[in-house]
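Each ligand, and each atom within it, is numbered from 1 in the order the structure gives. Predicted, not measured: the structure shown is a model, and the values here were computed from it.
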Amino acid sequence: MLKALLFDIDGTLADTERDGHRVAFNAAFRDFGLDWDWDAALYGKLLAVTGGKERMRHYVDRFRPDYIKPVDFDDLVVELHKIKTGHYTRLLAAGGIPLRPGVKRLIDEVRQAGLTLAIATTTTPENVTALLRHSLAPDSPDWFAVIAAGDIVPAKKPAPDIYRWALDRLGLKAAACVAFEDSRNGLLSAQGAGLKTVVTVNDYTRDDDFAGAVAVLSDLGEPDALYRRLDREEAGVVDLARLNDWLQA
Ligand code: XBP
Ligand code: MG
């Protein structure tokens, strides 16, 4: 019996990475006079590491052997990340990033059916509320029983901690829930917490290994623009009836 749907944010509810987070990171780097510039292809590689602060440290370690870290490098990363969050939330407030196909439709159906909604993401809490407010509805952060985000767990995806935290707060067993993810790191995190997971791919994650997913889809689909299933020949829209079929199969 399906009781709750847990959504990832970045890449799942909206394509936030290339034209959102990446742009905000670069703006922060410029603000700090750094010659770091993440183009769309490099950013795809950096997405191997989730979390903005973790991603910046990974960039320096892996791609900038020439960069001499100042003694207060950890503080610099924290400061850079604060400024990046400001750039990112302003971009969302300016109406920057639309939801992916089918997201609003499915969330509306879930609310009407009286099921529970939750979020499990590595991104910063302010980013979650900004996206929900400006791309879903002004009061939509209240639609989610639990918003699990950012540094509330030290180990980010692919670790299962964020999903475990969300399930614990919901007071639900994984078997009563389904997760929605867009990436291998996200799928591994949800699966690690025992959750069945529906994957909607995007340009950065299309070629990831999604073994064990309930379904791998182009998107959630709309009646006039059906999803394409990547793991078999099928098109449709993801609604509660279809989810229940998949989960019982
Ligand atoms: C999303 C992320 C996030 C964003 C940046 O991963 O990795 O770090 O890229 O957000 P997922 P912050 O969708 O798997 O949760 O800069 O706020 O960390
Ligand atoms: Mg994601």
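Taking a 4.0 Å cut-off on heavy atoms, T121 registers as neighbouring ligand 1. No heavy atom of K53 sits closer than 4.0 Å to any atom of ligand 1. Heavy atoms of H81 approach ligand 1 to within less than 4.0 angstrom. By the 4.0 Å heavy-atom criterion, N127 is counted among the residues contacting ligand 1. Taking a 4.0 Å cut-off on heavy atoms, R55 registers as neighbouring ligand 1. Residue contacts with ligand 1 leave out G186, since none of its heavy atoms falls under 4.0 Å from the ligand.
Each of the atoms 8 (O), 12 (P), 16 (O), 18 (O) of ligand 1 lies under 4.0 Å from some heavy atom of G52. Each of the following atoms of ligand 1 lies closer than 4.0 Å to a heavy atom of F25: 16 (O). Heavy-atom contacts of Y43 reach the following atoms of ligand 1: 9 (O) (cutoff under 4.0 Å). The ligand atoms of ligand 1 that sit less than 4.0 angstrom from a heavy atom of K157 are 11 (P), 14 (O), 15 (O). Less than 4.0 angstrom separates some heavy atom of K84 from each of these atoms of ligand 1: 5 (C), 10 (O), 12 (P), 16 (O), 17 (O). Near T50, with a cut-off below 4.0 Å to any heavy atom, the atoms of ligand 1 are 7 (O). The distance from ligand 1 to the heavy atoms of T124 drops below 4.0 Å at these ligand atoms: 12 (P), 17 (O). Under a 4.0 Å criterion applied to the non-hydrogen atoms of T123, ligand 1 contributes the atoms 5 (C), 10 (O), 12 (P), 17 (O).
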Evaluation steps, salt bridge (Lys or Arg N to Asp or Glu O under 4.0 Å), between D39 and K45
CA-CA 10 Å; D39 66 26; K45 292 183 193 149; over 6 Å; no
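In this structure, the side chain of T205 engages the main chain of N202 through a donor-acceptor pair within 3.5 Å. For the pair T85 (side chain) and H81 (backbone), a donor-acceptor distance under 3.5 Å is present.
The distance from atom NZ of K3 to atom OG1 of T116, rounded to the nearest 0.5 Å, is 9.0 Å. Distance check: L217 CG to R228 CZ gives 10.0 Å after rounding to the nearest 0.5 Å. Put simply, NZ on K196 and CZ on F180 are 13.0 Å apart, with the number rounded to the nearest 0.5 Å.
The residue from N185, T50, D151, T123 that alone fulfils the side-chain hydrogen bond (donor to acceptor under 3.5 Å, both in side chains) condition with K156 is D151.
Nearest heavy-atom pair, V237 versus R242, reported as atom, atom and distance to 0.1 Å: O-NE, 3.1 Å.
Compare T205, V128, L13, D8 by their heavy atoms: the one nearest to atom 11 (P) of ligand 1 is in D8.
Using modelled atom types and a 3.5 Å distance limit, the side chains of T16 and D10 yield a donor-acceptor pair. Side-chain contact annotation: Y59 with R64, donor-acceptor N/O pair under 3.5 Å present. For the residue pair R22 and Y88, no side-chain donor N or O sits within less than 3.5 Å of a side-chain acceptor on the partner. Side-chain contact check for H87 and D31: at least one donor-acceptor pair (N or O, by modelled atom type) lies under 3.5 Å. A donor-acceptor pair shorter than 3.5 Å can be found between the side chains of Y43 and E17.
Y67 does not carry K69 over the face of its six-membered ring by the limits of under 6.0 Å from the centre and within 45° of the normal. The side-chain tip of R30 does not point at the ring of W38 from less than 6.0 angstrom away and within 45° of straight on.
Residue, atom and distance of the protein heavy atom nearest to atom 6 (O) of ligand 1 are T122 OG1, 3.1 Å. Taking atom 8 (O) of ligand 1 as the reference point, the nearest protein heavy-atom neighbour is G51 N, 2.9 Å.
Each protein N/O/S atom under 2.8 Å from the Mg ion (ligand 2) was counted, for a total of 3.
For ligand 1, none of its N or O atoms has an N or O atom of L47 under 3.5 Å away.
Looking at E17 against ligand 1, only its side chain comes within 4.0 Å, counting heavy atoms.
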